Amino acid sequence: MDKKDMKSWNQKELEAFLLELGEKSFRAKQIYSWLHVKHIDSFEEMTNISQKLKEKLVNTCKLTILKKIEVQCSNIDGTRKYLFELEDGNMIESVWMHYKHGNSVCISSQVGCRMGCRFCASTLDGLLRNLTPAEMLDQIYQIQKDIGERVSHVVVMGMGEPLDNYENLLKFIQLLSDEKGLNISQRNITVSTCGIVPNMRQLAKEKLQITLALSLHAPSQKKRLLLMPVANKYEIHQVIDACNYYFVQTGRRITFEYSLIGGVNDCEEDARQLAKLLQGMNCHINLIPINPVKERDFKQSQSQTILDFKNKLEKYGINVTIRREMGRDIDGACGQLRKRFSER
Ligand code: SAH
């Protein structure tokens with residue numbers, strides 16, 4: 001029998017399971033707190049639970065605890081990149097970043113990815129599997145334990161396409177923002193997508209307060225097709241429409257991510273077209289200097305080109321920032337640490 005993944009359950013589900021075992025419902029509260037507040041490593045640590053119940057739990061359930069395999073620390077800004085091993089031996093990456101406003105963790109949502117973006121290292125070997133809600137949560141729990149400080153912000157921008165793992169993502173967000181758990185405000189959670197239109201629209205209807213980040217990377221359908229195969233399925237204007245819908249439904253301003261690639265999407269005309277595409281939208285653009293991946297031959301834009309691009313957008317009245325590169329001296333880009341590890 002497959003053991004039940006109890007860390008992926010909300011309190012109601014946990015309660016239903018315990019009632020089935022013939023236990024009282026207040027046990028759910030206690031166990032939930034061990035899992036999601038105290039972040040225990042074994043059933044043994046549940047000190048207010050009887051030995052008999054612990055045995056039942058050991059026999060029927062698993063805890064889902066990620067194993068820390070490697071941590072790389074940046075000497076520049078203290079950013080820490082973690083390589084974790086899952087129960088089945090698969091590896092994923094997460095990143096911890098310290099900002100003035102708090103501690104932020106960037107988590108993975110899948111092992112690998114099937115979206116095929118040309119500049120991305122996470123997708124080189126395709127998708128292996130989805131992460132469970134518990135596996136997404138435990139990246140944050142383990143890092144918080146390792147650092148000894150509270151995590152205040154979470155971005156789902158690591159390996160994988162979160163909207164390609166929709167149900168688990170939703171469950172993860174509910175558990176993460178649960179006041180009886182880690183209680184991270186939904187406003188401090190960002191989910192980044194390459195633009196899976198039906199799922200963006202579905203997410204809008206959930207009326208969460210999370211920030212949606214859209215990986216745009218091109219000002220036109222023609223250029224986007226060269227970089228992102230997902231554009232074959234969802235045309236750029238459909239994606240923008242879905243962003244507008246998200247804003248109308250949730251009142252949350254969209255963040256657009258735009259990775260600048262030298263000679264590909266960084267000229268004046270690109271900036272002009274981009275401004276036109278986003279005209280009148282309540283949004284914010286994050287310019288990201290591309291992180292070169294050795295399997296691909298894309299180059300970073302010159303720093304002057306990046307500044308010119310930003311200034312041009314500002315002239316059109318667009319809200320724009322250049323993303324500060326965190327952890328430049330460690331394997332920065334998504335999927336690179338895992339890739340190097342598997343090559344060793
Ligand atoms: N699948 C999601 C989230 C994961 S990637 C998405 O596509 O949004 C997080 C962001 O990093 C995305 O905007 C992605 O396009 C970008 N990215 C991936 N590889 C990169 C690289 N080598 N350099 C710069 N940005 C990259």
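Keep in mind the model is a prediction, meaning the values are calculated, not measured. Start at 1 and go down the list; that is how both ligands and their atoms are numbered.
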Visitor: Taking only heavy atoms of Cys194 into account, list the atoms of ligand 1 that are under 4.0 Å away from them.
Guide: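 Listed by number with element: 6 (C), 7 (O), 8 (O).
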Visitor: Check this for me, if you would: do Arg129 and Glu135 make a salt bridge, where the nitrogen-to-carboxylate-oxygen distance has to be below 4.0 angstrom?
Guide: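 Answer for the salt bridge query: yes.
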Visitor: Using a 4.0 Å cut-off to any heavy atom of Val293, which atoms of ligand 1 qualify?
Guide: 22 (N)
Visitor: Between Arg114 and Glu161 (salt bridge meaning N to carboxylate O under 4.0 Å), is one present in this structure?
Guide: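 Glu161 and Arg114: not salt-bridged.
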Visitor: To the nearest 0.5 Å, what is the distance between CD1 (Ile92) and CD1 (Ile69)?
Guide: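 Answer rounded to 0.5 Å: 11.0 Å.
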Visitor: I'd like to know if Lys7 and Asp138 make a salt bridge, using a cut-off of under 4.0 Å between side-chain N and carboxylate O.
Guide: yes
Visitor: Can you tell me how far the CG atom of Asn188 sits from the OG atom of Ser177, to the nearest 0.5 Å?
Guide: 10.5 Å
Visitor: Heavy atom of Gly158 under 4.0 Å from ligand 1?
Guide: yes
Visitor: Does Val156 reach ligand 1 with a nitrogen or oxygen that is under 3.5 Å from one of the ligand's nitrogen or oxygen atoms?
Guide: no
Visitor: Nearest 0.5 Å, please: how far is CG in Asn168 from CG in Asn130?
Guide: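 The distance works out to 6.0 Å.
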Visitor: If the contact criterion is a heavy-atom separation under 4.0 Å, does Ala121 count as touching ligand 1?
Guide: no
Visitor: Salt bridge between Glu314 and Lys310, side-chain N to carboxylate O under 4.0 Å?
Guide: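 Between Lys310 and Glu314 there is a salt bridge, with a charged N closer than 4.0 Å to a carboxylate O.
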Visitor: Out of all atoms in ligand 1, which are within 4.0 Å of some heavy atom of Cys120? Include the element for each.
Guide: 18 (C), 19 (N)
Visitor: Test of understanding: given a 4.0 Å heavy-atom threshold, classify the contact between Leu214 and ligand 1 as side chain, backbone, both, or neither.
Guide: neither
Visitor: Show me which atoms of ligand 1 lie under 4.0 Å from any heavy atom of Gly160.
Guide: 1 (N), 2 (C), 3 (C), 4 (C)
Visitor: May I ask whether Cys117 has any heavy atom positioned less than 4.0 angstrom from an atom of ligand 1?
Guide: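 Outside the 4.0 Å threshold, so no.
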Visitor: Taking non-hydrogen atoms only, is Asn291 closer than 4.0 angstrom to ligand 1 via side chain, backbone, both or neither?
Guide: both
Visitor: Considering only NZ, NE, NH1 and NH2 on the basic side and carboxylate oxygens on the acidic side, decide whether Lys4 and Glu13 come within less than 4.0 Å.
Guide: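 Salt bridge: no.
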Visitor: So between Glu161, Arg323, His217, whose heavy atom ends up nearest atom 1 (N) of ligand 1?
Guide: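 Ranked by closest heavy atom to atom 1 (N) of ligand 1, first place is Glu161.
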Visitor: Number the atoms of ligand 1 from 1 as they appear, then name those within less than 4.0 Å of a heavy atom of Glu257, with their elements.
Guide: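 In order of numbering, the contacting atoms are 10 (C), 12 (C), 13 (O).
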